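All remarks here apply to the structure that follows.
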2 protein chains.
Amino acid sequence: MGNKNYTIKDIARMAGVSAGTVDRVLHNRGDVSASSLEKVRKVLDEINYQPNMFAIGLAAKKRYSIVCIIPYYMAYDYWYAVAGGIDRAAQELAPYNVTVNYIHYLHADEDSYRQACTQVLGEECDAVLLAPNFREETLKLTSALERKGTPYAFIDFNVEQTNALCYIGQDSRMSGYIAAKILMRHFREGQEVALFLNNQKQSPAEIQMQRRLEGFMQYLTENHVGLAVHDVVLDKQDADANRRTLDRFFDECPQAVLGVVFNSRVYQVADYLHATGRRMENLLGYDLLKRNVERLKTGEVDYLIGQRPAMQGYCGVKALCTHMVFKRPVTAMRYMPIDVLMKENIDFYFEFE
Amino acid sequence: MGNKNYTIKDIARMAGVSAGTVDRVLHNRGDVSASSLEKVRKVLDEINYQPNMFAIGLAAKKRYSIVCIIPYYMAYDYWYAVAGGIDRAAQELAPYNVTVNYIHYLHADEDSYRQACTQVLGEECDAVLLAPNFREETLKLTSALERKGTPYAFIDFNVEQTNALCYIGQDSRMSGYIAAKILMRHFREGQEVALFLNNQKQSPAEIQMQRRLEGFMQYLTENHVGLAVHDVVLDKQDADANRRTLDRFFDECPQAVLGVVFNSRVYQVADYLHATGRRMENLLGYDLLKRNVERLKTGEVDYLIGQRPAMQGYCGVKALCTHMVFKRPVTAMRYMPIDVLMKENIDFYFEFE
DNA sequence: CTGTTAGCGCGTTCAA
DNA sequence: TTGAACGCGCTAACAG
């Protein structure tokens, strides 16, 4: 195989033209005679020319700018962790003239999301890392980006029917399946299951929860036909309403001692249990928010499923760079490991590095 | 903040010396007067110099060769995973003219290990990644390397009193501690613990097991005084002898339903349980060997502790390069996460990328 | 000991 | 339309 690294000079020599001409046809910026073009094309067809990325980066004085569109966050919550991973990648890539900037939006707020999408099109950037929210807005953005030839990648949630460079996140369905498996680990006859759900059906994150639920139900269908499963709908904010809901539920369904919360607010249920002194046999939730971890340690929560937010951010930025800066192929789907955290191993868990 | 990208020329100008001198202190390759060194150091302290990686890559004519000394392996065993990580790093570093070669030895075979150590000194190489085995031989090798000025790093197991660039592996003591915590999770009064141990006291890996044992016992001391703990010594090879040992043990100690295997051969115990139809309440082992994973899935093994072999290989090679090629500081100790795998999440576990 | 210099491969002038 | 020349930032060799 021709594993030699050809340079532009090599090609120029082989084609009997100058390096400048080769460069012109490579970047088809015109002003090349038909005959020259022909000669260079011929050589290029025969060899496998791979431009030296170091030389490109150095000569072009090219600065790469990546914009990350993610929700606003507070210290130690989910998106805070994502941003941490992004920052780490940014630092690592700074020597390659890569700079990373953020555009934040209010999670599940359509106006805010639309505004973020509009803003990114205004700025000049070479690649976009997007934590998508509303489908329609997202599609508008991605097609605009495609028109501009700007590569983009999704993290956390995948929007199908786009041409994203890659998606990095968890296999939600599978994580639901595992949730069921773990929850049902110590199942004993007569026990029932509680699914704690959202009441904001319009939220885009709802789809992710839906997928988790699907996986969860699949496991039950396969292994526990006839099991009693209760839906308990909680509000994102209204603690009083939730307390009443839970009071009623636990009074009415004393057998429901196995519980799952498909959003990241298992602490809502756990705090209630903590306050009332009630106990469930097995309560499982998602994401290592501080409040969740506290309840894992105090024992109201038995399992937390982690989805490596920092690694998602890190890998997202890196993926865009391997494509854009290093010109190397990128895996289109990158599923994060499904970490299972318990009281016992939470202290020794650290996501990355 | 000084987010400007300083160049060597900038530094030279600021320090009032030439670029060559700056380069000399950056790579501390000597021949610099105390005063010049002082001046340059001063500037470097004040700014945050980040060398342009494109320029480094482009200018690099030097070819670096790294030799990795690790045990022979078979597909999908522990060292196979390590090699996978090494290969990935090798691929990533190829553009910087780094090549990686292997020298293999027979694990726990002193002659073979000695031969590998001798061989590496014969070859010309610029850095060594070593999975150490016998202490004396290792010390001979490392002092020889130090005399030659060749940097080396350890993976998997740390040999103290050397000047290794870094050690990358698990905190064995801590992993033993966690093992105990997990094992004792569902402890009920009257239950006893079985520690399955090696009979090859001369083995170098024995020290690692010793540390795991220490951590394990520490947890028991802190939380379960007076607990009955039995040592069961198994042979690495002799299945018949092991069967007799285990028969006798389980007959004599029916209460010993919690078990740990500190080496990576928990499958020995698990296979026995599988064959005889006996059960333990909770059996925990180390490393995701295929045979171990099988027994995790069939249920004889309840937990496996992973130590990210691939990441160790990857980080080891990378560390040597950040020191040797990129002349940047390296963290001396790099502890891998302590992964806890169960039947439920083993299928969705993948170590790294 | 120190400054100068010649590339590395490519993009970008600028004359011709 | 084309070729030649310069410089990106850094390394390494060389001359003082």
Side-chain angles (χ1 to χ4, degrees), chain A residues 4-41 43-44 47-64 94-98 126 324-327, chain B residues 4-41 43-44 47-64 94-98 126 321-328:
Chain A
K4 184 188 182 313
N5 278 334
Y6 293 95
T7 71
I8 285 192
K9 269 187 191 164
D10 291 330
I11 299 171
R13 195 172 22 75
M14 291 155 87
V17 298
S18 78
T21 304
V22 176
D23 185 71
R24 271 171 277 242
V25 348
L26 281 174
H27 299 76
N28 47 356
R29 42 187 176 87
D31 286 348
V32 177
S33 70
S35 75
S36 293
L37 195 146
E38 169 78 12
K39 285 188 285 185
V40 175
R41 281 272 165 75
V43 175
L44 287 176
I47 67 171
N48 172 235
Y49 172 62
Q50 288 193 303
N52 183 316
M53 60 162 184
F54 294 129
I56 293 177
L58 188 57
K61 282 176 291 200
K62 196 163 167 60
R63 313 203 73 85
Y64 302 92
Y96 294 99
N97 295 334
V98 176
D126 307 295
M324 174 176 66
V325 182
F326 306 119
K327 327 277 192 213
Chain B
K4 182 186 181 318
N5 276 332
Y6 292 96
T7 72
I8 284 193
K9 270 187 190 163
D10 291 330
I11 299 170
R13 192 171 26 74
M14 292 156 89
V17 296
S18 77
T21 302
V22 175
D23 185 68
R24 270 173 278 243
V25 347
L26 281 173
H27 302 66
N28 48 355
R29 44 186 175 87
D31 287 347
V32 177
S33 70
S35 75
S36 294
L37 195 143
E38 168 79 10
K39 285 187 286 187
V40 175
R41 281 270 164 75
V43 176
L44 286 176
I47 67 171
N48 174 235
Y49 172 61
Q50 288 198 305
N52 184 314
M53 296 302 273
F54 292 128
I56 291 180
L58 188 57
K61 308 184 223 273
K62 194 159 161 51
R63 313 202 76 83
Y64 300 93
Y96 294 97
N97 295 332
V98 176
D126 307 295
C321 285
T322 52
H323 171 76
M324 175 175 66
V325 182
F326 306 123
K327 323 299 202 226
R328 285 196 314 209

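Reminder, nothing fancy here: chain letters follow the sequence lines and each chain counts from 1. Bear in mind the structure is a predicted one, so any value in this text is a computation, not a measurement.
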Self-check item: Residue met sooner reading DNA chain D from 5', once A:Asp31 and B:Ala60 are mapped to nucleotides
Solution: A:Asp31
Quiz item: Residues in side-chain hydrogen bond (donor to acceptor under 3.5 Å, both in side chains) with B:Ser33, at least two apart?
Solution: B:Ser35, B:Ser36
Exercise. Return the set of residues passing side-chain hydrogen bond (donor to acceptor under 3.5 Å, both in side chains) with B:Tyr49 (not counting sequence neighbours), or none when no residue passes.
Key: none
Quiz item: Within a strict 4.5 Å, meaning less than it, do heavy atoms of the A:Arg63 and B:Asn5 side chains meet?
Solution: yes
Quiz prompt | Main-chain N/O of A:Thr7 paired to A:Asn52 side chain as donor or acceptor, under 3.5 Å | solution = no
Quiz item: Under the side-chain hydrogen bond (donor to acceptor under 3.5 Å, both in side chains) test, which residues partner A:Arg41, sequence neighbours left out?
Solution: none
Quiz item: First and last nucleotide of DNA chain D in contact with chain A, 5' to 3', at under 4.0 Å to a heavy atom: what are they?
Solution: D:dT1 to D:dG9
Practice problem: Scan B:Tyr49 against the nucleic acid and name what it touches under 4.0 Å (heavy atoms): base, sugar-phosphate only, or nothing. | Solution: sugar-phosphate
Quiz prompt | Sugar-phosphate, base or nothing in reach of A:Asn52, heavy atoms under 4.0 Å | solution = sugar-phosphate
Exercise. Take the angle between the ring planes of A:Phe326 and A:Tyr96 and call it parallel below 30°, perpendicular above 60°, tilted in between.
Key: perpendicular
Practice problem: Take atom CZ of A:Phe54 and atom P of C:dG9, then tell me their distance rounded to the nearest Å. | Solution: 12 Å
Quiz prompt | Derivation of the side-chain contact (heavy atoms from CB on, under 4.5 Å) call for B:Val22 and B:Leu44 | solution = CA-CA 10 Å; B:Val22 175; B:Leu44 286 176; 5.6 Å; no
Quiz item: Just how far, in rounded Å, is P of C:dT12 from CG of A:Asp23?
Solution: 7 Å
Self-check item: Any residue meeting side-chain hydrogen bond (donor to acceptor under 3.5 Å, both in side chains) with B:Asp23, in chain and number order, not counting sequence neighbours
Solution: B:His27, B:Arg29
Practice problem: Give B:Lys62 one of three labels, base, sugar-phosphate or nothing, depending on what nucleic acid heavy atoms sit under 4.0 Å from its own. | Solution: sugar-phosphate
Exercise. Decide yes or no for B:Lys327 and B:Leu26: does some side-chain heavy atom of the first lie under 4.5 Å from some side-chain heavy atom of the second?
Key: no
Exercise. Could you tell me the separation between the CG atom of A:Asn28 and the C1' atom of C:dG11, rounded to a whole number of Å?
Key: 15 Å
Polar atom pairs between nucleotides 3-5 of chain C and protein, under 3.5 Å, N or O only, would you list them?
| unit_1 | atom_1 | unit_2 | atom_2 | d |
| --- | --- | --- | --- | --- |
| C:dG3 | OP2 | B:Ser18 | N | 3.0 |
| C:dG3 | OP2 | B:Ser18 | OG | 3.0 |
| C:dG3 | OP2 | B:Thr21 | OG1 | 2.8 |
| C:dG3 | N7 | B:Arg24 | NH2 | 2.7 |
| C:dG3 | O6 | B:Arg24 | NH1 | 3.2 |
| C:dG3 | O6 | B:Arg24 | NH2 | 3.3 |

Quiz prompt | Protein-nucleotide distance (B:Lys9, atom NZ; C:dT2, atom C1'), rounded to Å | solution = 17 Å
Quiz item: Expressed in angstrom and rounded to an integer, what is the separation of A:Ile11 atom CD1 from C:dC10 atom P?
Solution: 7 Å
Quiz item: Using a cut-off of 4.0 Å on non-hydrogen atoms, how would the nucleic acid contact of A:Leu58 be classed: base, sugar-phosphate, or nothing?
Solution: base
Self-check item: Closest-nucleotide ordering on DNA chain C, the 5'-leading residue of A:Ile8 and B:Leu37
Solution: B:Leu37
Exercise. Give a yes/no answer on whether the side chain of A:Thr7 brings an N or O atom under 4.0 Å of OP1 or OP2 in C:dC8.
Key: no
